[in-house]
Enquirer: 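The structure under discussion is supplied below as structure tokens; questions concerning it will follow.
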Amino acid sequence: MFGEIHNAEELWYRFLDDFAEDFVYKHFPKEKAEALAYNDLIVRMNAMGEKLEKWMSLGYERIMPDDVIDFDYCTKEGDRMRSTLVAEQEEVVKAVLDAVKSGGGLIYVDGPGGSGKTYVYLCLINILQGMHLKVIPIATVASFFHLNIKDGCKTSTIHLQSAEAKQLAELDVVFWDEAPMSPKSSLETVDQLFRDVTKIDKPFGGKVIILGGDFRQCLPVVDRKGRDEQISNSIKMSHLWPLFQVHHLKTNMRAQNADEEWKSWRWSERRRRTGVMEVPEDLRCDGDLAEEIFGSLLRNGSDVSEISKVAILSPTNQQALQMNQKVMEMIPGEMKTYYSVDEVGDNQNIHSDAANFPTEFLNKMTPSGLPPHKLDLKVGALVMLLRNLDVRNGLCNGTRLVIREMGERVLRCAFISGPNEGGDVLILRIKLSFDSGIPFVLQRRQFPVRPAFAMTVNKAQGQTFDRIGLLLDASIFAHGQLYVALTRTRTKDGIRIWAPEKVMHNIVYKNIL
Ligand SMILES: Nc1ncnc2c1ncn2[C@@H]1O[C@H](COP(=O)(O)OP(=O)(O)OP(=O)(O)O)[C@@H](O)[C@H]1O
């Protein structure tokens, strides 16, 4: 990745045993292990915006490692979990099993954070896998279905003759969580894709599709677009929406032990209206929010697992960037600065003046989704990945890591949570592109990370923290943001709000709920 390769094939054969080692270790026969390693390399290079075929094209079989499934375990675990479900969760399980029996069905599981959606999916995945069905929980929809982000997810780049198309055709059940955050075009493209790969002209090619999520939370981001565009872009406005059978989970399973007063404050009807409300006195922070949230943790040299349980949230990206810089300066140790190389990308539609934009202008651009030109890092800092680098191995857009070592050309980081917790991973500089709302393509070569002490409310959706600081010096500007922010912790004690006006704005688009 660092420069030109003169003889890729020679390199491949010289290190073939090392490339294939992981797969041999997982008991794949040598020949299969080599094919798997080759395909793995294709996936990794794709994630970094490079094509292996540019350097070599060897005739390996196009296969991916299928996880080995213990069907008996799945059946037992599915039965065990099912016996613990509350009635409304059991309704979902029954509906899905009915859909499987009748050869297809579309189900939407509506539930606020903590209502047990993930628990039901897990129970169902076990039951369905125990029945030898092919089930897939999708982590990132755009990446899984190869949706074209540039055209607003209106097309997929999966070729109908490809191995991916064959895998899709063989699936039985798809779980798609946080669906309200996807634009309706992605739902419609996936519907067409399934019809094409199965050659069955039924919704989603007759698959069982389970969407889940909470329309009280943030909607898909539509750059520089207002309320009407956001609403019309929602999956609820798709022609497919009426085909979904909707199930509601209403019991808050997460806050079982939280104080009743807080539960009712968070979940009350009042929060479902647009308006201004006073920040409760006991939640107010009148001093320095960064100090209050991170001060003692950083000074006491707390473990990264403790630091990762707190965060500062803000409505805008600019505020999050400033707050991150502030917290980074509070960490003891030497700061290292990495500067990106920015240029206007190759694009035939390029605006004629764009090619003349001075580099300093490009360097100053800080769009969300791109790392900054000047990236300040320290050992021990938390960072968030900004691209899907290796989804199978947990390196997804939004994954949080801690910096262990900073080299000139590589960062050694470690996972801070999940199945790979503590495991090392090397992050290289890659070329990232951005062209939304500007008349040219900005190409930035930089490590695809940004500090993760502070993040936008939209980015925090789906995560739970012990403690958050909410920065409200610019008001909330979109549907669901206040709701998402106030539901990231289990208890009221975990929330501090910095709002100079001592009020918070709530925005709710009624026709989405
Ligand atoms: N029937 C159940 N029995 C025991 N524990 C449960 C049950 N349902 C949910 N839980 C627990 O409640 C907590 C919240 O559930 P879960 O994570 O599934 O909610 P969720 O709706 O997916 O939330 P989010 O959208 O915030 O991720 C979890 O700790 C989960 O293990």
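Atoms within each ligand, like the ligands themselves, are counted from 1 in listed order. Nothing here was measured: the structure is a model prediction, and the numbers come from that model.
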Enquirer: Kindly indicate whether the side chain of Leu426, heavy atoms from C-beta on, has any atom under 4.5 Å from the side chain of Leu411.
Expert: no
Enquirer: Below 3.5 angstrom, do we get any N/O pair linking Thr84 and ligand 1?
Expert: yes
Enquirer: Taking only non-hydrogen atoms of Pro112, do any sit less than 4.0 angstrom from ligand 1?
Expert: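 In this structure, Pro112 qualifies as a contact of ligand 1 - some heavy atom is under 4.0 Å.
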Enquirer: Is the closest side-chain heavy-atom distance between Pro112 and Arg216 below 4.5 Å?
Expert: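 Yes, side chains in contact.
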Enquirer: Does ligand 1 have any atom sitting under 4.0 Å from a heavy atom of Gly111?
Expert: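 Flag not set, Gly111 not near ligand 1.
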Enquirer: Regarding ligand 1, does Arg488 bring an N or O atom to under 3.5 Å of one of the ligand's N or O atoms?
Expert: no
Enquirer: If the cut-off is 4.0 Å to any non-hydrogen atom of Leu85, which atoms of ligand 1 fall inside it?
Expert: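 So the atoms of ligand 1 that pass are 1 (N).
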Enquirer: In this structure, is the centre-to-centre distance between the rings of Phe71 and His132 below 6.0 Å?
Expert: yes
Enquirer: May I ask you to check whether Tyr483 and Phe215 place their ring centres under 6.0 Å from each other?
Expert: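 No, ring centres 6.0 Å or more apart.
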Enquirer: So is there a nitrogen or oxygen of Thr118 less than 3.5 Å from a nitrogen or oxygen in ligand 1?
Expert: yes
Enquirer: Kindly write out the residues that satisfy side chain to side chain contact (heavy atoms under 4.5 Å, CB included) with Thr366, not counting sequence neighbours, or none if the list is empty.
Expert: Gln318, Leu321
